[in-house]
Enquirer: 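One structure is given below, represented as structure tokens, and several questions about it will come after.
The analysis underlying the following values was restricted to heavy atoms, covering all of them including side chains, and did not include hydrogens, waters or symmetry mates. If you're wondering where the values come from, they're calculated on a predicted model, not measured in any experiment.
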Amino acid sequence: MVDGGVDLLIPVKMLHAAKTRLLGALDGGARDPRLHSSLVIALALDTATAARDAVGVRRVHVLTADSTTAAAVRADGFSVVTDHHDAGLNAALRHGSEWLRNHVGADRVGALQADLPALTASELGAAIAAAGQDRGFCPDRQGTGTTFLLAARGEALDPRFGVGSARRHREAGAVELRGSWPTLRCDVDTAVDLGEAASLGLGPRTAELFERAERVGSRRPARRGA
């Protein structure tokens with residue numbers, strides 16, 4: 001934990017509603033809900049683990065209303081902020097960021113998408129450093145979405161996620177962080193995205209699921225560090 005660093009919120013939906021376009025990606029289209037839930041949790045844990053090791057991060061908190069997800073992330077040593085609302089991602093992040101300010105003394109808050117299984121601590125740390133003291137955001141690899149949003153110190157997070165969020169964050173005064181950070185930009189919504197993340201090297205939990213799953217006609221992704 002870094003004194004004076006960023007408190008990061010990683011939001012995870014209820015498992016039955018999370019990453020629905022990935023349902024069936026690991027089982028040849030059989031769409032096993034238990035395997036899908038395991039994948040969602042693996043993505044979040046690989047993301048959180050990389051984030052925890054990034055320079056400039058004080059602490060990582062998973063924001064969720066899902067009890068299974070909460071138990072899994074607590075078992076790995078992560079703080080859980082309970083989302084009691086059902087008003088969408090931006091409302092949840094506003095609630096979470098205010099909770100961090102009021103209960104753990106967070107001075108600077110960021111939001112990181114939970115589906116970055118190839119993320120490396122070095123790239124996230126570089127993005128935090130590039131932001132300096134400014135409000136900033138990192139667009140996804142398509143350039144239209146947002147994978148990382150960082151508030152200025154002492155200021156509100158003001159999340160504007162959703163379709164076209166990169167434009168909305170830019171228009172709201174956030175500085176676009178333009179470094180070449182492929183693992184920070186590679187969020188995973190579809191099987192194609194998962195393949196792209198695999199080419200960068202997956203975190204261990206997501207890679208283990210691939211190794212256990214029978215995926216006809218596909219190659220196994222590289223494990224990070226292999």
Enquirer: Got a salt bridge between Asp76 and Arg74, using NZ or NE/NH1/NH2 to carboxylate O under 4.0 Å?
Expert: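 A salt bridge is absent here (no side-chain N lies under 4.0 Å from a carboxylate O).
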
Enquirer: Side chain to side chain contact (heavy atoms under 4.5 Å, CB included), that's the test. Do Leu209 and Ser38 meet it? Break it down for me.
Expert: CA-CA 8 Å; Leu209 284 181; Ser38 295; 4.2 Å; yes

Enquirer: Apply side-chain contact (heavy atoms from CB on, under 4.5 Å) to Ala156 and list each qualifying residue two or more places apart in sequence or on a separate chain.
Expert: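 Ala156 satisfies side-chain contact (heavy atoms from CB on, under 4.5 Å) with no residue once adjacent residues are dropped.
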
Enquirer: Tell me the closest heavy-atom pair linking Val57 and Ile128, and the distance in Å.
Expert: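 So the minimum-distance heavy-atom pair works out to CG2-CD1, 3.7 Å.
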
Enquirer: Decide yes or no on side chain to side chain contact (heavy atoms under 4.5 Å, CB included) for Arg59 and His61, but give the supporting numbers first.
Expert: CA-CA 7 Å; Arg59 197 171 182 185; His61 313 263; 3.8 Å; yes

Enquirer: Search all heavy atoms of Trp181 against all heavy atoms of Glu123 and return the closest pair with its distance.
Expert: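 Shortest heavy-atom contact: C-OE1, 3.0 Å.
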
Enquirer: What about Val12 and Leu45, same hydrophobic cluster or not, with Ile/Leu/Val/Met/Phe/Trp/Tyr joined at side-chain heavy-atom distances under 4.5 Å?
Expert: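 Yes, because Val12 and Leu45 connect within a single hydrophobic cluster, where side-chain heavy atoms sit under 4.5 Å apart.
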
Enquirer: Taking Cys138's backbone N and O only, do any of them form a donor-acceptor pair with His169's side chain (distance below 3.5 Å, no angle check)?
Expert: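 The answer is no, because no donor-acceptor pair under 3.5 Å joins these two groups.
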
Enquirer: Between the side chain of Thr147 and the main-chain N/O of Leu184, is any donor-acceptor distance below 3.5 Å?
Expert: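 Looks like yes, one N/O pair under 3.5 Å.
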
Enquirer: Listed by chain and number, what are the ring pair (Phe, Tyr, Trp, His ring centres under 6.0 Å) partners of Trp99, not counting sequence neighbours?
Expert: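 Ring pair (Phe, Tyr, Trp, His ring centres under 6.0 Å) list for Trp99, sorted by chain: His103.
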
Enquirer: Please tabulate, for the side chains in residues 15-24, all donor-acceptor contacts under 3.5 angstrom to protein atoms that are two or more places apart in sequence or on a different chain.
Expert:
from  : atom 1 : to     : atom 2 : distance (Å)
Lys19 : NZ     : Asp115 : OD2    : 2.6
Lys19 : NZ     : Val188 : O      : 2.8
Lys19 : NZ     : Asp189 : OD1    : 2.6

Enquirer: Is there a path of hydrophobic side-chain contacts, each under 4.5 Å between heavy atoms, that joins Leu124 and Leu93?
Expert: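 No, Leu124 does not connect to Leu93 through the hydrophobic network.
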
Enquirer: Do you know which two heavy atoms are closest between Val81 and Gly96, and how far apart they sit?
Expert: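 What the structure gives for the nearest pair is CG1-CA, 4.1 Å.
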
Enquirer: Residues in salt bridge (Lys or Arg N to Asp or Glu O under 4.0 Å) with Asp66, at least two apart?
Expert: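 For Asp66 there are no salt bridge (Lys or Arg N to Asp or Glu O under 4.0 Å) partners, ignoring immediate neighbours.
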
Enquirer: Hey, what do you get for OG1 (Thr69) to CG (Asp83), rounding to the nearest 0.5 Å?
Expert: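 It comes to 12.0 Å.
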
Enquirer: So if you build clusters from Ile, Leu, Val, Met, Phe, Trp, Tyr with side-chain heavy-atom gaps below 4.5 Å, do Leu43 and Phe210 land together?
Expert: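 Yes; tracing contacts between hydrophobic side chains, which count when under 4.5 Å, links both residues.
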
Enquirer: In this structure, which one of Asp187, Ile10, Leu150, Leu9 forms a side-chain contact (heavy atoms from CB on, under 4.5 Å) with Leu112?
Expert: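 One option only clears the test, and that one is Ile10.
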
Enquirer: So that I can tick it off, tell me whether Arg58 and Asp7 are bridged by a salt bridge, with the cut-off set at under 4.0 angstrom between side-chain N and carboxylate O.
Expert: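 Yes.
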
Enquirer: Do Asp140 side-chain atoms and Thr144 backbone N/O form a donor-acceptor pair below 3.5 Å?
Expert: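 A pair under 3.5 Å: yes.
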
Enquirer: Which distance, rounded to the nearest 0.5 Å, do you find between the CG of Leu194 and the CG of Leu202?
Expert: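 Going from the CG atom of Leu194 to the CG atom of Leu202 covers 6.5 Å.
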
Enquirer: Let's go through Thr190 and Asp193 carefully: what are the C-alpha distance in whole Å and the side-chain angles of both, what is the deciding distance for side chain to side chain donor-acceptor pair (under 3.5 Å) to 0.1 Å, and is it a yes or a no?
Expert: CA-CA 5 Å; Thr190 67; Asp193 296 333; 3.3 Å; yes

Enquirer: Using the rule that two of Ile, Leu, Val, Met, Phe, Trp, Tyr join whenever any of their side-chain heavy atoms come within less than 4.5 Å, decide whether Val80 and Phe78 are in one cluster.
Expert: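 Yes; tracing contacts between hydrophobic side chains, which count when under 4.5 Å, links both residues.
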
Enquirer: What donor-acceptor contacts under 3.5 angstrom involve side-chain atoms of residues 104-111, with partners at least two apart or in another chain?
Expert:
from   : atom 1 : to     : atom 2 : distance (Å)
Asp107 : OD2    : Arg153 : NH1    : 3.4
Arg108 : NE     : Ala151 : O      : 2.8
Arg108 : NH1    : Gly132 : O      : 2.8
Arg108 : NH2    : Gly132 : O      : 3.0
Arg108 : NH2    : Asp134 : O      : 2.8

Enquirer: Salt bridge between Arg94 and Glu98, side-chain N to carboxylate O under 4.0 Å?
Expert: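 Answer for the salt bridge query: no.
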
Enquirer: Carefully, step by step, assess Arg185 and Phe148 under the rule side chain to side chain contact (heavy atoms under 4.5 Å, CB included).
Expert: CA-CA 8 Å; Arg185 297 182 188 278; Phe148 174 51; over 6 Å; no

Enquirer: Side-chain heavy atoms under 4.5 angstrom apart, residues restricted to Ile, Leu, Val, Met, Phe, Trp, Tyr: same cluster for Leu8 and Leu157?
Expert: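 Different hydrophobic clusters.
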
Enquirer: Between Glu196 and Cys186, what is the shortest heavy-atom contact and its length?
Expert: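 The pair with the smallest heavy-atom distance is CG-SG, 3.8 Å.
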
Enquirer: Where do Phe161 and Thr146 come nearest, in terms of heavy atoms and distance?
Expert: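 The pair with the smallest heavy-atom distance is CE2-O, 3.4 Å.
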
Enquirer: Pair Leu116, Thr183 - check side chain to side chain contact (heavy atoms under 4.5 Å, CB included), show working.
Expert: CA-CA 7 Å; Leu116 301 168; Thr183 73; over 6 Å; no

Enquirer: Name all residues meeting the side-chain contact (heavy atoms from CB on, under 4.5 Å) criterion together with Ala121; count only those two or more places apart in sequence or in a different chain, and write none if there are none.
Expert: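 Per chain and number, Ala121 pairs via side-chain contact (heavy atoms from CB on, under 4.5 Å) with Asp53, Ala54.
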
Enquirer: What is the minimum heavy-atom distance between Thr47 and Pro117, and which atoms define it?
Expert: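 Nearest pair, atom of Thr47 first, then Pro117: OG1-N, 4.0 Å.
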
Enquirer: Quick one: is the NZ or CZ of Arg170 closer than 6.0 Å to the six-membered ring centre of Phe137, and within 45° of its axis?
Expert: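 Verdict for Phe137: no cation-pi partner in Arg170.
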
Enquirer: Between Ser79 and Val60, is there a side-chain heavy-atom distance shorter than 4.5 Å?
Expert: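 Not in contact.
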
